[in-house]
Amino acid sequence: MIISRQKQLKGTITVPGDKSISHRSVMFGAISNGLTEVTGFLQGADCLSTIACFQKLGIEIENDNQKVKIYGKGLHGLQAPSGILDAGNSGTTTRLISGILAGQPFETTITGDASIQKRPMGRIMTPLSMMGASFESHAKENCAPFTIHGGNLHGIHYDSPVASAQVKSSILLAGLYADDITSVTEPQLSRNHTELMLRGFGANVLSEGTTATIHPEPELFGQKITVPGDISSAAYFIAAGLIAPNAEILIQNVGINPTRDGILKVAKAMGGKITYLNERIVSGEPVADILVESSDLAATEVSGDLIPTLIDEIPVIAVMAAFAKGTTIIKDAQELKVKESDRIAVVTDNLKAMGADITATDDGMIINGGRPLHGCQIQTHADHRIAMAFTVAGINAEGETTFDDPNCVAISYPTFYQDMLGLGK
Ligand code: S3P
């Protein structure tokens, strides 16, 4: 894969289904009664890991690439797996499934790839242990691979030290199996797909400010779900369209849930020309088509409550900042260090290698934009979002940009390069 400057970026694009919503559709379908049918499911490696894990837990799932059918067996229908569950590269699979497994009368061992084995799991082990489950780590403490001993769970209130939808969702899912109400308060509101979708399946979930509360032992019923396009995948086309000098891109069917739309707020604050068209609600989630046009970008500050609403988009926001006039400050984003790679270090190193003026800080980055960038070989650290963010940089840089591991985009967007380069000439 060799990326070079494109004379123009024009056309219409439909990005693949939302990763967070796709994972949840399979998980919630598996523990509901009857058939759940999902269209627009993301056929990326992470979501396929979730399907494989639930198949191992005895759930029949059909996936013909058009539709995923999950034959749910109800809250208490999962079976002890024959072997170890493999979550691959997926933090969402590992952490959310652990919440469900904490409530099962059997033990399960979960592992994943080299990146997953380094990511912090103590953040779910602590609250799930407070509820009554127990954990054994088999290699590094508080990391995968680990065994969950499920048990009789108690309802708790948990003040989460991190704004993490994976932590919140794990606890809420365990709360389905508890003996009393369970609630979680976060320091800032993280994505709320679990709350919205679980309610649709029949659970009693309340959201008040940054607190979510769930009642135990609901009867959940299979649903028909249409997954909107992933704003985290649309982000690369938003950034590319704004930076490139001769661009006009219509991105169709993008989820614009306010707990996920920080990239659009930042793009607008930077002076980006963004128009929402055809706003609608699909399967309980707000959706729009988004028109993006070439813009003169100016620096901004990205911090505070905004961070959880754009946490996965920070690599591409840093790329936008490198092309913007002035100094952009990204702060309050320590969580970047524990994503698929240490995204503070990896973004900083790669942007520096392309000629940008960027400094890493403990909780973000400072970028003095406006220097011309040149192509180089990007070290992806097998992180899909690094490969995609630096494709956007490469399209707007002098010379050629290549990747040590271009195929890592298959985690969330298998046809990314074709779709992006298809807009060029
Ligand atoms: C996700 C939540 C976020 C995000 C991840 C998907 C989810 O992680 O980075 O890609 O689907 O709940 P955290 O909850 O750890 O912030």
Side-chain angles (χ1 to χ4, degrees), residues 16-28 41-42 44-47 49-50 53 87-100 112 115-116 118-127 142-144 158 160-173 184 186-198 210 212 227-228 230-236 255 257 259-263 285 305-317 332-344 346-347 363 383-386 388-389 408-409 411-413:
D18 187 279
K19 183 155 77 70
S20 295
I21 295 175
S22 296
H23 280 298
R24 286 160 173 80
S25 67
V26 169
M27 296 186 182
F28 304 170
F41 184 84
L42 170 61
D46 268 13
C47 298
S49 294
T50 290
C53 287
N89 188 242
S90 175
T92 308
T93 309
T94 311
R95 297 197 179 109
L96 269 62
I97 210 172
S98 294
I100 295 174
S115 155
I116 273 292
K118 282 191 244 152
R119 296 182 68 185
M121 295 299 154
R123 53 179 58 195
I124 54 154
M125 292 175 179
T126 299
N142 292 333
C143 288
Y158 190 64
S160 178
V162 278
S164 160
Q166 294 181 357
V167 171
K168 171 175 63 177
S169 303
S170 186
I171 298 166
L172 293 176
L173 288 166
V184 187
E186 312 183 85
Q188 293 98 27
L189 185 64
S190 66
R191 65 192 66 192
N192 64 357
H193 305 301
T194 294
E195 297 91 306
L196 294 180
M197 198 191 288
L198 265 182
T210 58
V227 180
D230 197 327
I231 191 167
S232 297
S233 298
Y236 306 103
N257 179 316
T259 63
R260 295 284 302 281
D261 70 352
I263 174 77
E285 292 277 350
D305 290 355
L306 206 51
I307 294 295
T309 71
L310 47 66
I311 188 71
D312 292 338
E313 287 66 76
I314 291 178
V316 79
I317 288 172
D332 305 323
Q334 304 85 335
E335 278 293 297
L336 291 177
K337 291 183 179 170
V338 291
K339 293 295 179 189
E340 287 85 327
S341 67
D342 174 348
R343 288 181 178 160
I344 293 181
V346 173
V347 167
D363 64 350
D383 184 338
H384 54 138
R385 301 210 188 276
I386 298 301
M388 292 190 280
C408 62
V409 300
I411 289 294
S412 64
Y413 198 157

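Every number for a ligand or one of its atoms is a count from 1 in the order of the listing. Sequence positions, counted from 1, serve as the residue numbers for this chain.
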Student check: side-chain heavy atoms of [X] and [Y] closer than 4.5 Å:
X	Y	answer
I386	S341	yes
N89	D46	yes
R119	T94	no
C47	V26	no

Query raised in the report: At their closest point, which heavy atom of G17 faces which heavy atom of S22, and how far apart are they?
Result: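 Distance-wise, the nearest heavy atoms are C-OG, 4.3 Å.
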Requested in this report: Specify side chain, backbone, both or neither for H193, according to which of its non-hydrogen atoms lie closer than 4.0 Å to ligand 1.
Outcome: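 No part of H193 is near ligand 1 at this cut-off.
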Query raised in the report: Say you draw a straight line from CD of Q166 to NZ of K168; how long is it, rounded to the nearest 0.5 Å?
Result: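 Rounded to the nearest 0.5 Å, the CD-NZ separation comes to 11.5 Å.
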**Report entry** Numbering as shown, the atoms of ligand 1 that approach A165 to under 4.0 Å (heavy-atom distance)
**Finding:**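 The atoms of ligand 1 under 4.0 Å from a heavy atom of A165 are 12 (O), 14 (O).
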Query - Per-atom contacts of ligand 1 with K19, taking only distances under 4.0 Å to non-hydrogen atoms - result: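 Result: 10 (O).
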**Report entry** N or O contact, R385 vs ligand 1, cut-off under 3.5 Å
**Finding:**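 No - when backbone and side-chain N and O of R385 are compared with those of ligand 1, no distance drops under 3.5 Å.
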Query raised in the report: Judging by distance only, is a nitrogen or oxygen of I311 under 3.5 angstrom from one on ligand 1?
Result: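 The answer is no, given that I311 and ligand 1 share no N or O pair closer than 3.5 Å.
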For [atom], what is the nearest protein heavy atom, given as residue, atom name and distance?
atom	result
atom 11 (O) of ligand 1	S20 OG, 2.7 Å
atom 12 (O) of ligand 1	R24 NH2, 2.7 Å
atom 1 (C) of ligand 1	Q166 NE2, 3.5 Å
atom 4 (C) of ligand 1	D312 OD2, 3.3 Å

Requested in this report: May I ask you to say whether D18 pairs ionically with R260, meaning some side-chain N is under 4.0 Å from a carboxylate O?
Outcome: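 Yes, this pair counts.
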Query raised in the report: To which of E335, K339, R191 does the heavy atom nearest atom 16 (O) of ligand 1 belong?
Result: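 Heavy atom nearest to atom 16 (O) of ligand 1 belongs to K339.
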